[in-house]
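Letters go in sequence order (proteins before strands), and every chain restarts at 1. We use all heavy atoms of the structure for the numbers below, so side chains are in, but hydrogens, waters and symmetry mates are not.
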Amino acid sequence: MQQQYPFREIEQAAQQKWENDNAFRAEADPSKPKYYCLSMFPYPSGKLHMGHVRNYTIGDVLARYHRMKGYNVLQPMGWDAFGLPAENAAIQNRVPPAKWTWDNIAYMKKQLKSLGLAIDWSRELATCQPEYYKWNQWLFLRMLEKGIAYKKTQIVNWDPVDQTVLANEQVIDGRGWRTGALVEKREIPGYYLNITRYAQELLDDLDKLPGWPERVKTMQANWIGKSTGVRFAFTHDIRDADGKLIDDGKLWVFTTRADTIMGVTFCAVAAEHPLATHAARSNPELAAFIEKCKQGSVMEADLATMEKEGMDTGLSVTHPLTGEQVPVWVGNYVLMSYGEGAVMAVPAHDERDFAFAKKYNLPIRQSIAVKGESFSLDAWQEWYGDKSHGVCVNSGKYDGLGHEAAVDAIAADLKAKGLGDKQVNWRLRDWGISRQRYWGCPIPIIHCDNCGDVPVPDNQLPVKLPEDCVPDGSGNPLNKCEDFLNCTCPKCGVPARRETDTMDTFVDSSWYYARYASGFSNERMVDEQTGYWMPVDQYIGGIEHAILHLLYSRFWSKVMRDLDLVDYDEPFANLLTQGMVLNHIFSRRTDKGGIEYFAPEEVELVHDENGKVVGAKLLADGKPVDFQGMGTMSKSKRNGVDPQALIDQYGADTARFFMMFASPPEQTLEWSDSGVEGSHRFLRRVWAYGHTLESAISHALPAKLTGSLANARREIHATLKQAVYDLERKQFNTVASAAMKMLNSLEKLQKDAEDGWQPVATEGFSILLRLLSPIAPHITQALWSELGYGDDILRAEWPQPDESALVQDEIELVIQVNGKLRGSMTVARSADKSAIESQAVAHSSIQKYLEGVTVRKVIIVPNKLVNIVVG
RNA sequence: GCCGGGAUGGCGGAAUUGGUAGACGCAGCGGACUCAAAAUCCGCCGCCGCGAGGUGUGGGGGUUCGAGUCCCCCUCCCGGCACCA
């Protein structure tokens, strides 16, 4: 009879037991090896999505596996609770962001618990709690003292209707996403963190992270963007209307190709450069051009294909080595935000300069030659820009020098004239943390008319964010909150006003992992416990954080280290970036030319006779829809699957098993309803099989097994051995396969029912349950105790493969002839090479391949195959 | 353009160091049970071929007794970065 699989009762009972036992409470214990397993904490957006389920299941499998292996495991959870969505929800629903956030947290916490995660909830935190963000403020003040935090004026996107700053991604085609108003560029003062001070260390220490994916490290290295070259100045005597020398008479440029300096035929400056602004005053045509450049599209794809355009300023500057006059152009390909906003142009050896010079008929002067290549002005050639093979020509005293020697000599000469030196340039910018937003951590500064910007004294921390504000969409409500605004100056005691900007929410997430690891003291940011648990042994999260969050956290750790708060250089020893969850996308063109999307449950796939999917039709009208392939689950494409529905229908174990089984953690996961059903079917079979076994207590294995019993036991132990290897390399899909294989072996053993099968089954099933328990913890706990293996599978020992079970008396060897499979034979384990060789050559199934040819040699791969080479 | 990662049946994906390609599952097909259906169980399942056999891991070449795996060239796909001077 078919056994029911009552997953609701099973899961509820197991979760209740863990809660009663305080099973996942983690305490520092120096006598045990520790394992700090951390998944990126969620933003409390309302409810869990599949990405969360995947993320947290991966972490939970690792946590539970290490726990059973004897590690002292910490797996905490919390909430990245500040941020814009709470404000937007508040504007829409007239609910204070705090209430919206805490309601979401309560709901999502319930959902997380229903997944059966092995989390130490006693360490739960939310970044919107004053006890937490107090330490953002405290560390910010320490950074101010050290000069790591400083104030400067920045250009931002300003929405004139909402009276607020917009993030870049909130500006669509130059207009505010909400108001549709044309966005203005405004210079606004804000606080910056001097992350560039750590640029070199952030780059170098990537080498200390062998447990990080290569691509993440590459992305960070690119982002940091170290570039070694020479910064030098062209001199000039250009004065503004007041007769003041512009930029002290120096046009600074940065170049990585100082060796080509004698090939300079013009300079190009960005549209925003002071020289361009100056020249535009007396040149309306130029002014118009500059305006056009500034408004130009900033879409990367457009930039790549954009035509190089420029205009002569009519100004000229003096070449620092030759004394020659060099014209200054405005070029749309020069960026104000990188280097000096100006470049020396060497058309002969820079492809962009070459194109520019050709277009505007500027001179091109060769200054590098490569043996065997001849220079022609007709078209750009690959070797013109090659710095590894060329030597200087037409370059006076530098002629004959290679790249490095020439750069050294030229840098030295420029330095002697006081006009330049070698310099390292970084792409990385300092981190602007001021947000003109309400729902975030207040920046602890007081503005006093007498004393200026005064830091809030430590004993007045935290500066609490008032939680009863309801933003109305027009600017930061803190600006209208008198209770918050009004204060007294800590220095002179006169009435003063608080800073109303809040911190970027990336600050909140830059150190939460260290707080989890600490006791939650109100006196200290982190304590000794942090030293025990940190660094995080395994961090798991989405690739979308490859740069921002992970770079900020590395920076923040180094600052905390330099303040003697922690003793690690890097916070995350190993990083796993899980793949996204994809689902089918179905759509149809509407009459009006738009696209209408259909949820997967609204359509039916159409197969051909081979079972190949050839299309789909809408259930509602039976007419075909377009299958757009797989894509990330999203509201707009209507292809999301609600984890809650999955858990309700099949249970958490099924959800977890399917997530692990469907694909390896780092790869994208393709959603499949029938795959979920398959996973559920497997767990039902496990449950049913368990109930065919008698209690485990009475069955001891005999000393020696033979025949199908030995065979079944060998299969199970061999599968276990492979599964452990896969667990260690975090390839969980094949671990799930291994559990399925074990059940197949056990069912076959039982069907053949040779005498004495029960002890083999009892042992085999105990291995299956333990192997499966990190993935499906509820059903395995239920069966473990029901069958009498023990009370608590969490405390069971991790199974070890019995090597003696793997040994076979007789081995099946494959016979190849010239590498092609021709047969197989059984040999005794003790058979020596010559015996195997003669048995293989004499084997009946290969005789026809040996006719008329000579056996040249025989290759034997132990336990695998025999290859007979003939010719 | 540069950097990184890929390409294996109808599908998701296996295959530690080069050693039986397609594990495990999904879909499909056939059968049993059933009045019937669902569920369940049994069997088949890369392609060509009745069969023997041939062929097969994006394409081409190479190394090797033996290549999905190593080397060279090419095509395509995904991700990241980018007038970075």
Could you state the CD1-C1' distance from I836(A) to G19(B), rounded to the nearest angstrom? 15 Å
For atom P, what is the distance between A14(B) and A7(B), given to the nearest Å? 9 Å
Would K637(A) and Q628(A) satisfy side-chain hydrogen bond (donor to acceptor under 3.5 Å, both in side chains), going step by step from the backbone distance to the final call? CA-CA 10 Å; K637(A) 302 246 164 90; Q628(A) 302 251 4; over 6 Å; no
For RNA chain B, which residues in residues 348-358 of chain A have a heavy atom at a distance below 4.0 Å? R352(A)
So S679(A), base contact, sugar-phosphate only, or nothing? Heavy-atom distance under 4.0 Å. nothing
So that I can tick it off, tell me whether R231(A) and E340(A) are bridged by a salt bridge, with the cut-off set at under 4.0 angstrom between side-chain N and carboxylate O. yes
Proximal nucleotide (of C41(B), C24(B), C3(B)) relative to the R685(A) side chain: C41(B)
Within 6.0 angstrom of Q847(A) CD, more than 12 heavy atoms from elsewhere: yes
When you check the glycosidic angle of G9(B), does it come out syn, meaning within 90° of 0, or anti? syn
Under 4.0 Å between any heavy atoms, over every strand shown, what does F661(A) touch: base, sugar-phosphate, or nothing? Just pick one. base
Contact between W329(A) and V269(A) at the side-chain level, heavy atoms closer than 4.5 Å - yes or no? no
Counting side-chain heavy atoms from C-beta on, which of A85(B), A15(B), G53(B) comes nearest to K848(A)? G53(B)
Under 4.0 Å, counting only non-hydrogen atoms across every strand here, what does E670(A) touch: a base, just sugar-phosphate, or nothing? sugar-phosphate
Considering only side-chain heavy atoms of M219(A), which listed nucleotide, A85(B), G80(B), U17(B), is closest? G80(B)
Interatomic distance, H584(A) NE2 vs G12(B) C1' [rounded to whole Å]: 10 Å
Which whole number of Å gives the distance between the P atom of U75(B) and that of G43(B)? 48 Å
Side-chain heavy-atom pair T734(A), Q722(A) within 4.5 angstrom cut-off: no
Take the protein atom OH of Y849(A) and the nucleotide atom P of A52(B), then report the distance between them rounded to whole Å. 10 Å
Report yes if the side chains of T313(A) and L275(A) come closer than 4.5 Å at any heavy-atom pair, otherwise no. no
Mind checking the C1' distance from C73(B) to G25(B)? Whole angstroms is fine. 38 Å
Could you check if a side-chain atom of Y384(A) sits within less than 4.5 angstrom of a side-chain atom of Q381(A), using non-hydrogen atoms only? yes
Counting the benzene-type ring for Trp, do F266(A) and Y360(A) have ring centres under 6.0 Å apart? no
Could you give the OH-to-P distance, from Y5(A) to A39(B), as a whole number of Å? 19 Å
What is the base-pairing partner of U16(B), counting Watson-Crick and G-U wobble geometry with both distances under 3.5 Å? none
Need one value for P213(A): base, sugar-phosphate or nothing, where a base atom within 4.0 Å counts as base even if backbone is also close, heavy atoms only. nothing
Separation of G18(B) C1' from K864(A) NZ (nearest whole Å): 11 Å
Could you work out which one of A85(B), C83(B), C26(B) sits closest to the side chain of Y333(A)? C83(B)
Starting at CE of M344(A) and ending at P of C84(B), how long is that distance when rounded to a whole Å? 14 Å
Does some side-chain heavy atom of S745(A) sit less than 4.5 Å from a side-chain heavy atom of T719(A)? no
Hey, does R231(A) reach any base, or is it just sugar-phosphate, or nothing, if we go heavy atoms under 4.0 Å? nothing
Give every pair of a protein N or O atom and an N or O atom of nucleotides 63-65 of chain B that lie under 3.5 Å apart, one pair per line with the distance.
from   : atom 1 : to      : atom 2 : distance (Å)
C65(B) : O2     : N867(A) : ND2    : 2.5

Of all heavy-atom pairs linking A268(A) and Y333(A), the shortest is CB-OH, 4.0 Å
Listed in order of residue number, which residues of residues 715-730 of chain A have a non-hydrogen atom at under 4.0 Å from RNA chain B? Q722(A), Y725(A), R729(A)
Do the non-hydrogen side-chain atoms of M825(A) and I836(A) ever get within less than 4.5 Å of each other? yes
So if I take every side-chain heavy atom of L335(A) and compare against A85(B), A23(B), C3(B), which nucleotide ends up nearest? A85(B)
From A85(B), C83(B), G19(B), pick the nucleotide closest to the side chain of T256(A)? A85(B)
Atom of A357(A), atom of P363(A) and distance for their closest heavy-atom approach: CB-O, 4.5 Å
Taking the side chain as everything from C-beta on, heavy atoms only, tell me whether Y689(A) gets closer than 4.5 Å to L746(A). yes
Would you classify G225(A) as touching base, sugar-phosphate or nothing, given that sugar-phosphate means primed atoms plus P, OP1 and OP2, and contacts are heavy atoms under 4.0 Å? nothing
Using the P atom as the reference point in each nucleotide, state the distance between C78(B) and A27(B) in Å, no decimals. 29 Å
With a 3.5 Å limit on both atom pairs, tell me what G28(B) is paired to, counting Watson-Crick and G-U wobble, or say none. C44(B)
Could you measure between the two P atoms, the one in A32(B) and the one in G46(B), and give it in whole Å? 24 Å
If the C1' atom of G10(B) is compared with that of U64(B), how far apart are they to the nearest Å? 35 Å
Here the distance between atom P of U40(B) and atom CD of Q4(A), to the nearest Å, is 12 Å
Looking at C35(B), which nucleotide sits across from it as a Watson-Crick or G-U wobble partner, both distances under 3.5 angstrom, or is there none? none
Given atom CD1 of I860(A) and atom P of G66(B), what is their separation to the nearest angstrom? 17 Å
Using both distances under 3.5 Å as the test, list the Watson-Crick or G-U wobble partner of G1(B), or none. C81(B)
When you get a sec, tell me which of G19(B), C84(B), C3(B) is the closest nucleotide to the side chain of L865(A)? G19(B)
